[in-house]
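For reference, the structure discussed in these notes is given below.
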There are 2 protein chains.
Amino acid sequence: MAASPQPFEPPPGAAFLLSALGSLAAARFAERVAALDLAPPQVGLLRAIAATPGQSQQAVAQLLGTPPSRLVALVDGLADRGLVERHRNPTDRRLHALHLTDAGRATLGRLENLGQEHDNDICGALDTEERARLRAMLIRIAEDQNLTPGVHPGYRRDC
Amino acid sequence: MAASPQPFEPPPGAAFLLSALGSLAAARFAERVAALDLAPPQVGLLRAIAATPGQSQQAVAQLLGTPPSRLVALVDGLADRGLVERHRNPTDRRLHALHLTDAGRATLGRLENLGQEHDNDICGALDTEERARLRAMLIRIAEDQNLTPGVHPGYRRDC
DNA sequence: TATTGTTATACTCTATAACTATA
DNA sequence: TATAGTTATAGAGTATAACAATA
């Protein structure tokens, strides 16, 4: 006999689940960093500047995969609050080298704790060993897909 | 001695990887369904109507977790192309029962194949057994987070 | 003339709230 | 008066392209 009609057949595959849980994780992360008056793209920029200090806006834009014009408002917002600084290069005054301030580094430290809490919130259903296995699989997928480590592909318009 | 400076420390946790890969998966899926002239929210609506045919727009809106006003344009787009129909309830003419047309069911069938290709694209780095383990872990996280199975949380404004 | 950063503009997506029609 | 659906409006976020300063 035929099966009775079930909601949402066929059951979603791993890619759908990744998209759904990724969306959830991103929304929850946005809530968390909102407590520090930051938006996720600003957090990514803060981390990018910390990873490669002194780079020009063009260079950081290329690293993140975003148009340079988008960086302007992002840097403005962080600079207005004293988290990053633009250092004008004396030999080529077109270039603005980006650096974190002490306050920026302090904020990054707070973000680190906040990120751990976020991880525990999202992965609470898994024990430590399972979490490590999940992480290992996700890293393999990310490498296979040529994602730049540490960079969120949400910055990219291509993909 | 101190470690040399490394990009993006500390290494991203599972939640960041979920967000990043979810974003990638969503973008790739959007590209795929664009070939059928569909946007991802339309696909989710198509699947929701198939899962619970004959429901009102309010009921579907509640299932998806989205404001009813958002459904209007979504249903309009699918109805204009003959994929869904609004059946007015004769006993209460305020209600529009949503149904798929034959063309809508055919499109859903094409989306099913397309979803499998998408899954293979995203999870190409994993073998069948690993993919099943990944899927099982993601389902456990989704249940732990009270996600409605089959519904993408991107529809929700709360979370 | 080429390049860095900036600004201006327009477009997409979405939520909120007002509105219409049915009850 | 309450409810289903619709429309109008506004806001956030982003990309594209024009622009100014510097080389």
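Just so it is clear, the model here is predicted, and its values are computed rather than measured. The chains referred to below are lettered A, B, ... by the order of the sequence lines, with proteins before strands, and numbering in each begins at 1.
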Mutual orientation of the aromatic rings belonging to B:H118 and B:F29 [parallel < 30°, tilted 30-60°, perpendicular > 60°]: tilted

Terminal axis angle for the helix from C:dT1-D:dA23 to C:dA23-D:dT1, five pairs an end, nearest 10 degrees: 30°

Pairwise 5' ranking along DNA chain D for A:R88 and A:P41, keeping only the more 5' one: A:P41

Span of DNA chain D, from the first to the last nucleotide whose atoms fall under 4.0 Å of chain A heavy atoms: D:dT14 to D:dA23

Nearest atoms (heavy-atom pairs only) where A:D121 meets B:Q145: O-NE2, 2.9 Å

Residue pair B:L108 / B:A50: nearest heavy atoms and the distance that separates them: CD2-CB, 3.4 Å

Where B:Q58 and B:P68 come nearest, the two heavy atoms and their spacing: OE1-CG, 3.6 Å

Working for salt bridge (Lys or Arg N to Asp or Glu O under 4.0 Å), residues A:D76 and A:R86: CA-CA 9 Å; A:D76 282 350; A:R86 290 175 167 105; 3.0 Å; yes

Cation-aromatic face contact A:R47/B:F16, 6.0 Å, 45 degrees: yes

Verdict with supporting geometry, A:D119 and A:R131, salt bridge (Lys or Arg N to Asp or Glu O under 4.0 Å): CA-CA 10 Å; A:D119 237 56; A:R131 222 177 283 195; 5.1 Å; no

Exercise: identify the closest heavy-atom pair between A:L63 and A:A48: CD2-CB, 4.1 Å

Salt bridge present between A:D37 and A:R81 (N-O < 4.0 angstrom): no

A:P153 side chain reached by B:R28 side chain, heavy atoms, under 4.5 Å: no

Could you list, one pair per line, each protein nitrogen or oxygen that sits under 3.5 Å from a nitrogen or oxygen of nucleotides 4-11 of chain C, together with the distance?
unit_1, atom_1, unit_2, atom_2, d
C:dT4, O3', A:R94, O, 3.2
C:dG5, OP1, A:Q57, N, 3.1
C:dG5, OP1, A:H96, N, 3.0
C:dG5, OP2, A:Q57, N, 3.4
C:dG5, OP2, A:Q58, N, 2.7
C:dG5, O3', A:H96, ND1, 3.4
C:dT6, OP2, A:Q57, OE1, 3.1
C:dT6, OP2, A:Q57, NE2, 2.9
C:dT6, OP2, A:R86, NH2, 3.2

